[in-house]
Enquirer: 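Can you read through this structure? Questions will come right after.
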Amino acid sequence: MHVLLTEDQELFRRTVREFAEREIAPVAAEHDENETFPKANVKKMGELGLMGLTVPIEYGGSGAGPVEYALAMEEIARADAAHSVILSVNNSLVCEPIVKYGTDEQKNEYLKRLSSGDMIGSFCLSEPQSGSDARHMQTKAVRDGDYYVLNGTKNWISNGGEAGLYIVFASLEGEEDRSAAFLVEYWRFGINCGPKEKKLGIRASATTQVFLNDCRVPVGNRLGEEGDGFKIAMSSLDAGRIGIAAQALGIAQAAFEASVAYAKERQAFGQPISEFQAIQFMLADMQVRIEQSRLLTYQAAVLEARGLPFAKESSMAKLSASETAMWVTTKAIQIHGGYGYSREYPVQRYFRDAKITEIYEGTSEIQRMVIARSILRGDRPAKAPAEVPVEAPEIVTPVLTLPPTPEELKQQMAPRKLHHVAVAVDSVDEALKFYRETLGLEEITVMNLEDRGLKVGLVKAGPSEVELLEPLDPEGTVARFLDRRGPGLHHICFEVEDVETSMRYYEGKGATFIDPVPRPGAVGLVSFMPPALADGVLVELAQTSGYTFPEPEAEAAEEATAPVITTPILRGPAGYARPAFVGAVGAWGQQPTPPAAPEPEAPRSAWSTAADGLRAPVLRGAAGYTRHGLTGVGAWGRQPAKPEAAAPAGAPGTASEPPAASGTGQVASEAAPAAGE
Ligand code: CAA
């Protein structure tokens, strides 16, 4: 653990490193080679909370402080410097000034979008004639009623062409020494960007010119007051320079690690080159310079976090770290020899990327100037614009949650266990007797779920359960299931971590679900896959934790007692007991008459079409279980051909049809599970 960091900050660093190694490092070389802007990863950085790291939580940011910002910059740059400059401009040069100097409207308008990665920010200070001499800008802002009209050209603008919001600095009309800052939206106020500059390094980042031609910006989009422009730019750069120092550190660290690994592996004169003192001294010096710069960088960040003056310290950190990065990457190429000069190896990219850290956000010469001036004037703190109250946001070290890797997702989605096997029965009490008395299994509970038209018995069977389903509602799906199939296997249920996520995951693998979203079941949130998918068995996924059923209203709860069934038990058409038939037939012992007309045809699915012509009575398979739809094909054991493709989940009237449909149009209701199963 680093001496200047807390345990939480180290944890934060590890998470960012894991993210960077997983998402950024593998694509860094390709983006560099093709000079492509890494849009997808910018979005991922936003999702992780890195794009608005220091933005207060109330504005959609992560509420972190300068130390976390430096750590994030270091780790992202260790994977790829181009990614880190996108992050740094968005955070320290765009979000930060809005947090410090923006009005409530401006904060509400922009910070959330900038923090999420939906909108990228850009900082427009440099011009063709003014880079280091930033105070002497040619870009002019002329007040025109409720607007400012901006004219001028900005140079070397990071995120140019990719950003949605540009902070533009401009001199005020007739007052060459006074400037103001403006929040200029690309789409609303009409600014133009030139083509991407062809750069030596950080080639994946976008750098362009920005053209302001009679660009009309409402007064409400001025950041701070008239005359604050230069000070806003300078104080933003104070913080930004810590980020660039951290970026340089990350580049140097990557080059150093590559050098150590290469030196141990590369053989010369009969031994690894790490055995030679010339190499060892280079590695030692590399590490010493990196650690010196790291201390300076963390020191500046800690000072800023404590609200103490840090302008000189941030310049010292940037100067030291950027020159270290240049020196270390030069040595890294030397250690790699010819391979270091090849674009097949990453050290040349580190070397090319390192150079910019000595140039942007103030050249090394400007940093020396800032440090020297500070020494000579006796460390007078730099002034912030007096008229704008600066509220220090509360700082937290965010706990970042990385999205699971495809491998982790696969593991998480795998059913945790067979939760239960559900059996449709005529009488839960009768069936329970068998499980209890004959098999000696332990009964867990019996529930009368009136609202779902079911009586449910649960029996413990090792780590799983047997769920017995008795219909209380003669029109319910279990009753219809019994009508068609007789007592027997109704569905199997697997326990999953999160039903909704599992649904999306399995849909990605071609599965369909009867309902588009989970429904409350007896054991938690559940969702059903149509039997067609599992060759005839309805499959339930259940989330048994993290879901609480809404409390029933007191009055309703009192009313919800099980109905007393007084009618005698009769036999259903397939020879099984159906208490609920009695009311329909009226006389003891009389068999129920089949309905005169078939129920209205349900919309047909691919399955029901395939199963047309199969008018099968319930048959018993070799193992005594019920099988449907076999007679149409002539011989026991032959299955109806599966349709080419299953109907999409949620398509009206399709998803719930079972595989071996009888074609009567009742199949949908047979297979569709009762809510509460
Ligand atoms: N914070 C707040 N106010 C500051 C300040 C700071 N850090 N530094 C200076 N000021 C104020 C001064 O107090 C002074 O105010 P008063 O007039 O009220 O006294 C005013 O600003 C002018 O200050 P100076 O006289 O010191 O200004 P200067 O003209 O001599 O320049 C400089 C100072 C340090 C050279 C400055 O121009 C500078 O830093 N130049 C480099 C610019 C730079 O870094 N450009 C990078 C472009 S952005 C970029 O690279 C982003 C990217 O793409 C990644």
Side-chain angles (χ1 to χ4, degrees), residues 73 77 81-94 96-97 100-101 120-137 139 154-163 166-169 171 175-179 181 197 199 201-202 205-210 224-225 227-248 300 304 309-315 318-319 322 353 355-374 376-377 379-388 390:
M73 278 297 293
H83 278 73
S84 68
V85 71
I86 301 166
L87 190 74
S88 95
V89 172
N90 200 70
N91 267 286
S92 55
L93 298 188
V94 179
E96 284 240 349
K100 281 188 187 153
Y101 306 111
I120 302 175
S122 188
F123 181 84
C124 306
L125 180 66
S126 298
E127 298 188 356
Q129 277 79 37
S130 62
S132 291
D133 185 9
R135 202 144 52 101
H136 293 109
M137 289 176 270
T139 301
K154 295 290 178 180
N155 249 32
W156 311 117
I157 302 308
S158 301
N159 296 342
E162 299 290 344
Y166 296 73
I167 298 191
V168 175
F169 296 90
S171 299
E175 305 176 84
E176 303 311 310
D177 247 17
R178 294 181 79 231
S179 58
E197 302 288 351
K199 306 192 295 284
I202 54 163
S205 71
T207 311
T208 67
Q209 284 194 306
V210 168
E225 299 301 323
D228 283 348
F230 189 67
K231 293 173 190 177
I232 291 176
M234 289 299 111
S235 62
S236 303
L237 284 167
D238 288 342
R241 286 166 186 165
I242 299 177
I244 302 303
Q247 178 186 48
E304 187 191 355
F310 66 96
K312 180 180 77 176
E313 287 73 13
S314 83
S315 282
K318 180 179 181 288
L319 176 65
S322 58
D353 290 348
K355 186 61 206 170
I356 190 62
T357 65
E358 292 183 323
I359 298 171
Y360 59 20
E361 301 210 20
T363 59
S364 291
E365 292 66 34
I366 289 292
Q367 307 312 326
R368 288 187 166 89
M369 199 168 134
V370 171
I371 297 162
R373 281 186 184 185
S374 175
L376 297 174
R377 71 170 177 248
D379 272 337
R380 182 168 59 84
K383 284 187 278 177
E387 53 274 54
V388 183
V390 177

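Atoms within a ligand are numbered from 1 in the order they appear, just like the ligands themselves. Atom set for the values below is all heavy atoms of this structure, side chains included, hydrogens, waters and symmetry mates excluded. In this chain, residues are counted from 1 in sequence order.
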Enquirer: What pairs of residues pass the salt bridge (Lys or Arg N to Asp or Glu O under 4.0 Å) test when at least one of them lies in residues 355-365, not counting sequence neighbours?
Expert: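 Checked against salt bridge (Lys or Arg N to Asp or Glu O under 4.0 Å) - neighbours excluded - the pairs reaching residues 355-365 are K355-E358.
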Enquirer: Using a strict cut-off of 4.0 Å, indicate which atoms of ligand 1 neighbour a heavy atom of L93.
Expert: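 Selected atoms, number and element: 51 (C).
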Enquirer: Pick whichever of E365, E361, R373, R135 has a heavy atom sitting closest to atom 30 (O) of ligand 1.
Expert: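 Shortest heavy-atom distance from atom 30 (O) of ligand 1: R373.
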Enquirer: Check each heavy atom of R241 against ligand 1 and say whether those closer than 4.0 Å belong to the side chain, the backbone, both or neither.
Expert: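 Answer for R241: side chain.
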Enquirer: Short list, please: which atoms of ligand 1 are under 4.0 Å from a heavy atom of I366?
Expert: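 By the 4.0 Å cutoff, the relevant atoms are 35 (C), 39 (O), 41 (C).
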Enquirer: Which atoms from ligand 1 have a heavy atom of D238 less than 4.0 Å away?
Expert: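 What qualifies from ligand 1 is 1 (N), 6 (C), 7 (N).
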Enquirer: In ligand 1, which numbered atoms sit nearer than 4.0 Å to a non-hydrogen atom of M369?
Expert: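 Ligand 1 atoms under the 4.0 Å threshold to M369: 35 (C).
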Enquirer: With heavy atoms only and a cut-off of under 4.0 Å, state how S132 meets ligand 1: side chain, backbone, both or neither.
Expert: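 The answer is the backbone of S132.
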Enquirer: Ring centroid separation for F169 and F123, is it under 6.0 angstrom?
Expert: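 Ring centroids of F169 and F123 are less than 6.0 Å from each other.
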Enquirer: Any heavy atom of H136 sitting closer than 4.0 Å to ligand 1?
Expert: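 H136: no contact with ligand 1 (<4.0 Å).
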Enquirer: Give me the one residue out of I371, V370, I366, T363 that meets side-chain contact (heavy atoms from CB on, under 4.5 Å) with L319.
Expert: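 For L319, the side-chain contact (heavy atoms from CB on, under 4.5 Å) test succeeds with only one of I371, V370, I366, T363, which is I371.
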Enquirer: Can you list the atoms of ligand 1 that are under 4.0 Å from a heavy atom of V370?
Expert: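 Taking each heavy atom of V370 in turn, ligand 1 has 34 (C) under 4.0 Å.
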Enquirer: Tell me whether ligand 1 is touched by G131 - counting only heavy atoms on the residue side and a distance under 4.0 Å.
Expert: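 It does; at least one heavy atom falls under 4.0 Å.
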Enquirer: In ligand 1, which numbered atoms sit nearer than 4.0 Å to a non-hydrogen atom of S126?
Expert: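 Counting from 1, the qualifying ligand atoms are 47 (C).
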